[in-house]
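Keep in mind it's a predicted model, so treat the numbers as computed, not measured. Residues take their numbers from the sequence shown, with the count starting at 1.
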Amino acid sequence: MENWKIIYSTYKPKEELLREALCTVGNGYFAARGAMDGSSAGENHYPGTYLAGGYNRLETEIAGRIIENEDLVNWPDWTVLKFRPEGGEWFNLDAVEILDFEQVLDLREGILERRLRFRDKDQRETELHSRRFVSMSNMHLGCINWKLIPLNWSGKVTVHSGLNGAVINSGVARYRDLNSRHLKLLEKGNFEEDGIFLKVMSNQSEVVMGQAARTRVCFDLYDSFIDRQTIEEEGYIAQELSFEAQQNKEIIVEKTVAVFTSKDKAISDPMTEAKKTVKRAGSFEQLKKAHIMSWAEIWGQSDLL
């Protein structure tokens, strides 16, 4: 740890589950584990989104007995963001040759960063700088920003941005025999040009959550037509954005999500509020500035600095 920063300079898959827990970002309302954007739950990764007070109780029959267990629910994963070159595979941290790696959690500013340079099986080298925060200035917002640079290649790229409501509670091995499906899908779809939404309810406590996400792409010193396609699966909604990438030219991808629940006061409907909030949200840099200022105010009221 150095200057309020937790720094990892190498990628170690077997340590990733612990790092994801240690690099969780949150604001007291909701939080996201520090899993790599777009990673799937498995041996090395466990993306998770958690809501303060977001519990659910389920029953499981084990050896002829009914076991009742109450969990802090793993809510829909809004951090689904991945890319692939045309003819290539979706980026997977565990399936590429990592040439350079740094992961930094800035505790003062509440921002998680990853800087990667990697080579895929087709010898394409790519640089990816990812930043993520859960806003302290607006408790309903979370943001991801990518700077993606094709270093030795050009061509068509597809970015996949999703909301995954098919997640389960499977992060603790000794509880995996228990009923872990806490969410019921209520609604999903897209809105305007760049928005997708997902509405779920916990199946016992009946807490409703609405998530609305906006994904935008811009380019450094060139422009490219962006084709958007909607992808729908059971409990899942996504957009795929396809465009031309140029060698050594930076591509900026911004994903902003708004999260509201039926526990919130003075709202008519979580989904309505989520859509409205994400449509009105500023750019990543604008939201980051307000977020950092809010953290500075909090630290200014403490005796830690």
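Phe133 and His291 have parallel rings, their planes meeting at less than 30° on a 0 to 90° scale where 60° marks the start of perpendicular. Using bins of under 30°, 30° to 60° and over 60° for the plane-to-plane angle, the ring pair Phe219/Tyr222 lands in the tilted bin. Relative orientation of the Phe30 and Trp78 rings is perpendicular, given thresholds of 30° and 60° on the angle between their planes.
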| field | Check against side chain to side chain donor-acceptor pair (under 3.5 Å), Ser205 and Asn56 | value | CA-CA 5 Å; Ser205 57; Asn56 195 62; 3.2 Å; yes
| request: Go through the steps for Arg84 and Phe91 under the test side chain to side chain contact (heavy atoms under 4.5 Å, CB included), then give the verdict. | output: CA-CA 6 Å; Arg84 68 178 176 191; Phe91 169 67; over 6 Å; no
| said: One pair to check against side chain to side chain contact (heavy atoms under 4.5 Å, CB included): Leu183 and Val167. What are the steps and the verdict? | reply: CA-CA 8 Å; Leu183 300 179; Val167 296; 4.1 Å; yes
| task | Take Leu51 and Thr261 through the side chain to side chain contact (heavy atoms under 4.5 Å, CB included) test and state the conclusion after the steps. | result | CA-CA 9 Å; Leu51 173 73; Thr261 80; 3.6 Å; yes
| task | Go through the steps to decide whether His182 and Asn203 satisfy the test side chain to side chain donor-acceptor pair (under 3.5 Å), and finish with yes or no. | result | CA-CA 6 Å; His182 294 277; Asn203 50 27; 4.9 Å; no
| task | For the pair Glu254 and Ile252, evaluate side chain to side chain contact (heavy atoms under 4.5 Å, CB included) and give the outcome as yes or no after the intermediate values. | result | CA-CA 7 Å; Glu254 290 189 2; Ile252 298 175; 4.3 Å; yes
| Intermediate values then yes/no, side chain to side chain donor-acceptor pair (under 3.5 Å), Thr79 and Asp37 | CA-CA 5 Å; Thr79 67; Asp37 314 324; 5.5 Å; no
| task | Could you give me the CA-CA distance, side-chain angles and deciding distance for Asn248 and Gln246, then say whether side chain to side chain donor-acceptor pair (under 3.5 Å) is met? | result | CA-CA 6 Å; Asn248 286 321; Gln246 295 186 13; over 6 Å; no
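When each of Arg119, Arg117, Lys121 is tested with Glu97 by the rule salt bridge (charged side-chain N to carboxylate O under 4.0 Å, His left out), just one qualifies, namely Arg119.
With rounding to the nearest 0.5 Å, the separation of OG in Ser202 from CZ in Arg57 is 12.5 Å. With values rounded to the nearest 0.5 angstrom, Ile196 atom CD1 is found 11.0 Å from Lys188 atom NZ. Atom CG of Asn3 and atom CG of Leu107 lie 11.5 Å apart (nearest 0.5 Å). Rounding to the nearest 0.5 Å gives a distance of 4.0 Å between CH2 of Trp295 and CE of Met136. How far NZ of Lys255 is from CG of Leu81: 6.0 Å, rounded to the nearest 0.5 Å. Here the straight-line distance linking atom OG1 of Thr10 with atom CG of Asp100 works out to 11.0 Å at 0.5 Å rounding.
A 4.5 Å side-chain heavy-atom check between Glu125 and Val96 finds every atom pair outside the cut-off. Counting heavy atoms from C-beta outward, Val200 and Pro76 have side chains that approach closer than 4.5 Å. Put simply, the side chain of Leu112 reaches to within 4.5 Å of the side chain of Gln103, judged on heavy atoms. Side-chain contact between Leu148 and Glu127 is absent, with no heavy atoms from C-beta onward closer than 4.5 Å. Using a 4.5 Å heavy-atom cutoff, the side chains of Thr126 and Leu116 are not in contact. Residues Glu86 and Val157 are not in side-chain contact: their nearest non-hydrogen atoms beyond the backbone lie 4.5 Å or more apart. In this structure the side chain of Arg132 reaches within 4.5 angstrom of the side chain of Val25, judged on heavy atoms. Contact annotation: the side chain of Phe197 never approaches that of Ile237 to less than 4.5 Å [non-hydrogen atoms, C-beta and beyond].
Atom CD of Gln301 sits in a crowded spot, with more than 12 heavy atoms from other residues, nucleotides or ligands closer than 6.0 Å. Within 6.0 Å of the CZ atom in Phe191, the count of heavy atoms belonging to other residues, nucleotides or ligands exceeds 12. Applying the 6.0 Å contact sphere to CD of Gln123 captures more than 12 heavy atoms from other residues, nucleotides or ligands. Heavy-atom contacts from other residues, nucleotides or ligands closer than 6.0 Å to CD of Glu89 number 12 or fewer.
Between Tyr236 and Asp77, the side chains place no donor N or O within less than 3.5 Å of an acceptor N or O (distance only, hydrogens not considered).
Of the possible polar contacts, none joining the Asn152 side chain to the Arg124 backbone as a donor-acceptor pair under 3.5 Å is found. The main-chain N or O of His140 is found under 3.5 Å from a side-chain atom of Asn138 such that the two form a donor-acceptor pair. Proximity of a side-chain donor or acceptor of Thr24 to a complementary backbone N or O of Ala21 within less than 3.5 Å is detected. Not one N or O on the side chain of Thr272 forms a donor-acceptor pair closer than 3.5 Å with the backbone of Ser268. Panel note: side chain Asp71, backbone Val73; no donor-acceptor pair is recorded below 3.5 Å. Side-chain atoms of Asp122 never come within 3.5 Å of backbone atoms of Gly88 as a donor-acceptor pair (strictly under, hydrogens ignored). Between the side chain of Arg280 and the backbone N or O of Lys275 there is no donor-acceptor pair closer than 3.5 Å. Between the side chain of Asp106 and the backbone N or O of Gly110, no donor-acceptor pair lies under 3.5 Å. In this structure a side-chain-to-backbone donor-acceptor pair under 3.5 Å is missing from Trp75 to Met209. Although no hydrogens or angles enter the test, the distance criterion places no donor-acceptor pair under 3.5 Å between the side chain of Glu15 and the main chain of Lys12.
Shown here for Leu198 and Leu185, the closest heavy-atom pair between the two residues is CD1-CD1, 3.4 Å. Ser161 and Thr215 get closest at one heavy-atom pair: OG-OG1, 2.7 Å. Annotation for Lys249 and Pro150: closest pair O-CD, 3.5 Å, computed over non-hydrogen atoms. In plain terms, the two heavy atoms of Glu113 and Arg131 that are nearest each other are CG-CG, 3.6 Å. Summarising the geometry of Thr256 relative to Leu141, their closest heavy-atom pair is CG2-CD2, 4.2 Å, with the distance given to 0.1 Å. Listed here is the closest heavy atom pair of Ser242 and Thr158: OG-OG1, 2.9 Å.
Salt bridge annotation for Asp269-Lys199: present, with a cationic side-chain nitrogen under 4.0 angstrom from a carboxylate oxygen. Between Glu244 and Lys156 no salt bridge is recorded (no basic side-chain N to carboxylate O distance below 4.0 Å). Comment: Lys14 does not engage Glu16 in a salt bridge, judged by the lack of any side-chain N to carboxylate O separation of less than 4.0 angstrom. Electrostatic pairing of Glu192 and Arg228 does not count as a salt bridge here, judged by no charged N lying under 4.0 Å from a carboxylate O.
Sequence neighbours left out, the pairs with a member in residues 6-26 that pass ring pair (Phe, Tyr, Trp, His ring centres under 6.0 Å) are Tyr11-Phe101.
Note on Leu128 and Phe243: same hydrophobic cluster, where clusters join Ile, Leu, Val, Met, Phe, Trp and Tyr whose side-chain heavy atoms are under 4.5 Å apart, directly or indirectly.
Between Trp146 and His129, the gap from one ring centroid to the other reaches at least 6.0 Å.
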